[in-house]
**Student:** 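Take a look at this one; I'll ask things after.
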Amino acid sequence: MNRITIALSKGRIFSETLPLLQAAGIRPLEDPESSRRLIIGTSRPDVSIIIVRASDVPTYVRYGAADLGVAGKDVLHEQGAEGVYQPLDLAIARCRMMVAVPADFDYASAVRQGARLRVATKYLKTAREHFAAKGVHVDLIKLYGSMELAPLVGLADAIVDLVSTGSTLRANNLIAVEDIMPVSARLIVNQAALKLKGAAIQPLIDAFAGAVQAEEAHAAD
Ligand code: ADP
Ligand code: MG
């Protein structure tokens with residue numbers, strides 16, 4: 001029997017992947033939010049789930065420590081996705097990568113005047129590409145979280161971050177001024193694993209694809 005390992009991160013990605021797993025007949029035996037265990041068994045004896053940091057999912061899959069994983073496009077774009085297949089947009093964990101500034105900062109005129117902007121983000125590559133394409137000069141400041149704080153305390157003029165409802169921006173008196181890209185979570189698959197264990201992995205991909213299509217048909221109703 002081929003053993004299959006799926007890498008997931010806690011939180012949104014885990015909870016929104018649950019229905020897709022269910023469609024493949026896979027039910028985790030523990031809840032990673034309450035369990036400290038990092039390897040979780042499932043209702044299928046051949047399938048286990050490993051719990052890793054969202055930005056570590058591609059690494060586990062690239063090296064084959066996990067056969068499959070679910071990773072945000074934000075992470076895949078930032079890190080590159082060499083060595084992994086991306087067969088499916090799962091249409092979950094949807095949000096947008098955006099530039100945001102304090103509500104009283106005139107971003108458009110700063111850009112027009114060719115000002116050099118300080119931009120705080122955990123997405124250095126994505127931000128560098130975005131501002132280079134617009135010809136805007138930036139000093140990028142790497143942060144690991146809570147980017148929204150940076151402009152409030154004078155660390156940066158702007159941030160590049162993920163926005164879904166906009167409520168965190170509003171709560172901190174920030175406004176989105178540019179849309180960089182839509183983001184959703186993708187299924188990623190180790191290339192060698194797909195060749196060697198395709199008989200076990202392909203049906204999972206197909207079940208996920210079916211569940212995504214059913215969800216989209218339902219959403220269109
Ligand atoms: P971290 O491990 O850095 O704390 P998060 O838990 O914040 O990561 O986010 C994990 C993944 O969930 C991100 O890579 C992204 O794809 C997605 N995500 C993050 N924020 C949002 C959001 N506001 N709405 C929808 N999806 C999001
Ligand atoms: Mg987080």
Side-chain angles (χ1 to χ4, degrees), residues 6-21 28 31-40 49-62 65-66 68-82 84-101 119-130 140-151 155-156 158-189 208 211-212 215-216 219:
I6 305 173
L8 298 175
S9 53
K10 282 203 263 193
R12 203 164 352 223
I13 298 244
F14 186 86
S15 62
E16 296 187 23
T17 300
L18 276 178
L20 304 175
L21 291 171
D31 177 1
E33 307 300 336
S34 54
S35 169
R36 287 170 184 270
R37 213 168 275 183
L38 299 174
I39 303 180
I40 298 180
I49 293 169
I50 61 173
I51 303 298
V52 305
R53 190 79 194 250
S55 46
D56 289 335
V57 169
T59 304
Y60 280 85
V61 174
R62 186 177 305 122
L68 305 105
V70 176
K73 184 179 172 199
D74 52 325
V75 167
L76 294 167
H77 186 265
E78 185 67 19
Q79 299 186 3
E82 297 91 64
V84 300
Y85 283 127
Q86 272 187 71
L88 212 50
D89 180 347
L90 299 174
I92 58 170
R94 300 177 92 130
C95 51
R96 309 196 69 83
M97 182 79 73
M98 304 201 82
V99 181
V101 299
V119 178
T121 187
K122 70 177 172 187
Y123 302 102
L124 290 184
K125 172 174 177 265
T126 305
R128 189 180 302 113
E129 287 174 0
H130 172 73
L140 296 176
I141 300 169
K142 166 83 181 181
L143 291 178
Y144 293 88
S146 299
M147 271 74 85
E148 296 86 358
L149 178 62
L155 179 62
I159 61 172
V160 166
D161 197 7
L162 299 177
V163 180
S164 51
T165 63
S167 57
T168 306
L169 291 185
R170 267 191 304 282
N172 292 290
N173 207 26
L174 301 171
I175 51 167
V177 288
E178 267 164 13
D179 199 336
I180 299 180
M181 63 179 176
V183 167
S184 57
R186 314 294 160 108
L187 184 67
I188 58 173
V189 182
F208 284 12
V212 171
E215 181 54 40
E216 276 172 354

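Excluded from the calculations below are hydrogen atoms, water molecules and symmetry mates; all remaining heavy atoms, backbone and side chain alike, are included. Just follow the structure's listing: the first ligand is 1, and inside any ligand the first atom is 1. Because the structure is predicted, anything quoted here is derived from the model rather than measured.
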**Student:** I want to check something: taking the side chain as every heavy atom from C-beta on, are Asp161 and Met97 in contact at a cut-off of under 4.5 Å?
**Tutor:**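 Contact flag for Asp161/Met97 side chains = no.
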**Student:** I'd like to check whether Ser9 has a polar contact with ligand 1, where a contact means an N/O of the residue lying under 3.5 Å from an N/O of the ligand.
**Tutor:**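 There is no such contact.
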**Student:** Under the side-chain contact (heavy atoms from CB on, under 4.5 Å) criterion, do Val70 and Phe14 qualify, and how do the steps go?
**Tutor:** CA-CA 9 Å; Val70 176; Phe14 186 86; over 6 Å; no
**Student:** Between Arg53, Met97, Glu78, which one has a non-hydrogen atom sitting closest to atom 1 (P) of ligand 1?
**Tutor:**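 Looking at heavy atoms only, Arg53 sits closest to atom 1 (P) of ligand 1.
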**Student:** Give the atom numbers and elements of ligand 1 that come within less than 4.0 Å of a heavy atom of Gly72.
**Tutor:**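 Every atom of ligand 1 under 4.0 Å from some heavy atom of Gly72: 16 (O).
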**Student:** Geometry only, no angles: is Tyr123 polar-contacting ligand 1 at N/O separations under 3.5 Å?
**Tutor:**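 No, no N or O pair falls under 3.5 Å.
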**Student:** Which option out of Lys10, Arg96, Arg12, Lys122 puts a heavy atom nearest to atom 8 (O) of ligand 1?
**Tutor:**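 Checking each option, the heavy atom nearest atom 8 (O) of ligand 1 is found in Lys122.
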**Student:** If you measure every N or O of Ala93 against every N or O of ligand 1, does any of those distances drop under 3.5 Å?
**Tutor:**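 Min N/O separation from ligand 1 is below 3.5 Å for Ala93.
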**Student:** Hey, does the side chain of Glu16 reach the backbone of Ala93 with a donor-acceptor pair shorter than 3.5 angstrom?
**Tutor:**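 Confirmed, Glu16 side chain pairs with Ala93 backbone.
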**Student:** May I ask you to establish whether Lys142 and Tyr144 are in a cation-pi arrangement, using a distance under 6.0 Å from NZ or CZ to the six-membered ring centre and at most 45° from the ring axis?
**Tutor:**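 The answer is yes; both the distance and angle limits are met.
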**Student:** For a quick test of reading the model, state the closest non-hydrogen atom pair linking Ala185 to Asp89 and the distance between them.
**Tutor:**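 What the structure gives for the nearest pair is O-OD1, 3.6 Å.
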**Student:** Of all the atoms in ligand 1, which lie at a distance below 4.0 Å from a heavy atom belonging to Arg94?
**Tutor:**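 Numbered from 1, ligand 1 contributes 24 (N), 25 (C).
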**Student:** Has Phe208 got more than 12 heavy atoms of other residues, nucleotides or ligands less than 6.0 Å from its CZ?
**Tutor:**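 Yes, CZ of Phe208 has more than 12 neighbouring heavy atoms, counting only those of other groups under 6.0 Å.
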**Student:** For Thr126 and Arg128, test the side chains for any donor-to-acceptor distance below 3.5 angstrom and give the result as yes or no.
**Tutor:**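 Not at all, the side chains of Thr126 and Arg128 share no donor-acceptor pair under 3.5 Å.
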**Student:** For Leu162, counting its heavy atoms only, list the atoms of ligand 1 lying under 4.0 Å from any of them.
**Tutor:**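 Numbered from 1, ligand 1 contributes 15 (C), 18 (N), 19 (C), 20 (N).
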**Student:** Give the atom numbers and elements of ligand 1 that come within less than 4.0 Å of a heavy atom of Asp74.
**Tutor:**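 Near Asp74, the atoms of ligand 1 are 13 (C), 14 (O), 15 (C), 16 (O).
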**Student:** Is there a polar contact between ligand 1 and Lys73, counting only N or O atoms under 3.5 Å apart?
**Tutor:**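 Lys73 vs ligand 1: no N/O contact under 3.5 Å.
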**Student:** Mark up the atoms of ligand 1 that fall under 4.0 Å of a heavy atom belonging to Val75, in ascending order.
**Tutor:**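 Listed by number with element, the hits are 14 (O).
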**Student:** Go through the steps for Ser184 and Arg186 under the test side-chain hydrogen bond (donor to acceptor under 3.5 Å, both in side chains), then give the verdict.
**Tutor:** CA-CA 7 Å; Ser184 57; Arg186 314 294 160 108; 3.3 Å; yes
